[in-house]
Amino acid sequence: MSITRALVLAGGGFAASAWEIGLITGLAEMGVDVRNADLFVGTSAGARVALHLTSGAALEEIYQRRASPTWRTGERPPSIDWVKIRADIARAKQAGGSPTEILQRLGALALASAVGKGSDRRPTVANQLPIEAWPEPRVLLAAVNAETGERHAFDRDSGIDLVDAVIATTASIGWPPTLFQGHHYIDGGFYSSDNADLAAGFDRVMVLALRTGAAFPAFPSISLVSLDTAVKALRHGGARVNVVHPDEDAIAALSSGGLMNPAISAPAAAAGRSQGRRIAESISSFWP
């Protein structure tokens with residue numbers, strides 16, 4: 001019986017996506033190519049990484065584009081009062097209730113803070129993506145229904161256009177949601193920054209994720225479900241799980257600029273590539 005593998009790519013802005021691309025490139029250099037995964041789970045910035053990895057483009061080409069000091073997204077981030085937003089998020093969580101009820105409150109905050117409509121982003125997001133339609137490898141892009149508070153995993157069978165799914169999973173505070181089948185969908189990071197539990201049923205699960213808290217104090221978590229909770233559930237279900245966080249050298253590079261600043265992409269990609277080379281031997285036995 002063959003071993004099934006899932007690659008989970010967490011969110012965390014430009015720093016996360018560039019570090020993930022760099023790390024995967026470094027692993028491949030040393031003979032460990034994780035693009036042969038049977039499932040890719042992407043949340044927010046990690047969703048874009050998943051699509052690049054499944055696009056068929058050469059990995060070095062993907063890396064060089066993100067490592068370029070002139071790389072830009074073509075989008076200007078919305079202006080947000082983060083002091084107020086953080087206080088509102090804290091109150092929404094402290095009010096208690098079920099996860100769905102909390103997510104409904106967070107969804108209302110996200111909708112209230114949104115600038116413009118999701119459809120306004122379509123031309124720009126479409127231009128950012130390496131492919132126009134869902135890839136052949138199985139990809140899940142995590143989002144949250146802002147009205148019902150339910151987490152949803154979009155895939156090629158969901159009936160949603162790929163661009164709209166990406167707009168949904170990247171619709172964090174300030175960014176407009178996707179309207180699909182009468183509901184607004186926002187960033188899956190409101191539920192979990194990684195949504196690793198979507199990999200349930202796979203034999204091997206590798207998670208690439210930034211740490212929140214002390215390592216990156218400027219990256220506060222808005223998520224309800226922690227990575228530790230998901231990992232425990234996956235292991236209880238029989239999966240072998242390997243979580244990779246930035247190591248000390250990578251943290252130093254990532255801390256040199258804002259995680260949501262496109263300028264962090266070049267140092268983050270380089271730090272990830274170096275880390276990937278360093279850990280390849282330990283990953284090779286886990287990811288046959």
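One-based numbering along the sequence shown.
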Euclidean distance, [Y] [atom2] relative to [X] [atom1], rounded to 0.5 Å:
X      : Y      : atom1 : atom2 : value
Phe40  : Leu53  : CZ    : CG    : 6.0 Å
Ile186 : Ile167 : CD1   : CD1   : 14.5 Å
Asn242 : Leu208 : CG    : CG    : 9.0 Å
Phe14  : Arg48  : CZ    : CZ    : 7.5 Å
Arg277 : Met30  : CZ    : CE    : 8.5 Å
Glu20  : Leu9   : CD    : CG    : 5.0 Å

How about [X] and [Y]: does a side-chain donor come under 3.5 Å of a side-chain acceptor?
X      : Y      : result
Arg121 : Thr170 : yes
Asp155 : Ser158 : yes
Thr4   : Asp38  : no
Asp164 : Thr178 : no

For residues 106-115, tabulate all N or O donor-acceptor pairs below 3.5 Å that involve a side-chain atom, not counting sequence neighbours.
{"unit_1": "Ser113", "atom_1": "OG", "unit_2": "Leu109", "atom_2": "O", "d": "3.4"}
{"unit_1": "Ser113", "atom_1": "OG", "unit_2": "Ala110", "atom_2": "O", "d": "3.1"}
{"unit_1": "Ser113", "atom_1": "OG", "unit_2": "Gly174", "atom_2": "N", "d": "3.1"}

Practice prompt. Under the side-chain hydrogen bond (donor to acceptor under 3.5 Å, both in side chains) rule, what do Asn36 and Trp287 come out as? Steps first, then yes or no, please.
Written response: CA-CA 10 Å; Asn36 60 6; Trp287 194 273; 2.7 Å; yes
Closest heavy-atom contact between [X] and [Y]?
X      : Y      : result
Ala239 : Val205 : CB-CG2, 4.3 Å
Tyr63  : Ala270 : OH-CA, 3.4 Å
Pro177 : His184 : CG-CD2, 3.7 Å
Leu27  : Ala280 : CD2-CA, 3.6 Å
Ala50  : Val139 : CB-CG1, 4.2 Å

Worksheet item: Is the closest basic N to carboxylate O distance between Arg278 and Asp247 below 4.0 Å?
Response: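 Here Arg278 pairs with Asp247 in a salt bridge, since their nearest N and O are under 4.0 Å apart.
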Fill in: Salt-bridge present (Asp88, Lys84; N to O < 4.0 Å)
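Between Lys84 and Asp88 there is a salt bridge, with a charged N closer than 4.0 Å to a carboxylate O.
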Worksheet entry | Of all pairs that satisfy side-chain hydrogen bond (donor to acceptor under 3.5 Å, both in side chains), the ones with a partner from residues 53-62, not counting sequence neighbours |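 Passing the test, one end in residues 53-62: Glu60-Gln64, Glu60-Arg273.
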Item to complete: Check the pair Asn145, His152 against side chain to side chain contact (heavy atoms under 4.5 Å, CB included), reporting the backbone distance first and the verdict last.
Response: CA-CA 7 Å; Asn145 185 317; His152 192 87; 5.9 Å; no
Practice prompt. Give the C-alpha distance, both sets of side-chain angles, the deciding distance and a yes or no for side chain to side chain contact (heavy atoms under 4.5 Å, CB included) between Ile283 and Met206.
Written response: CA-CA 9 Å; Ile283 297 295; Met206 187 159 74; 3.9 Å; yes
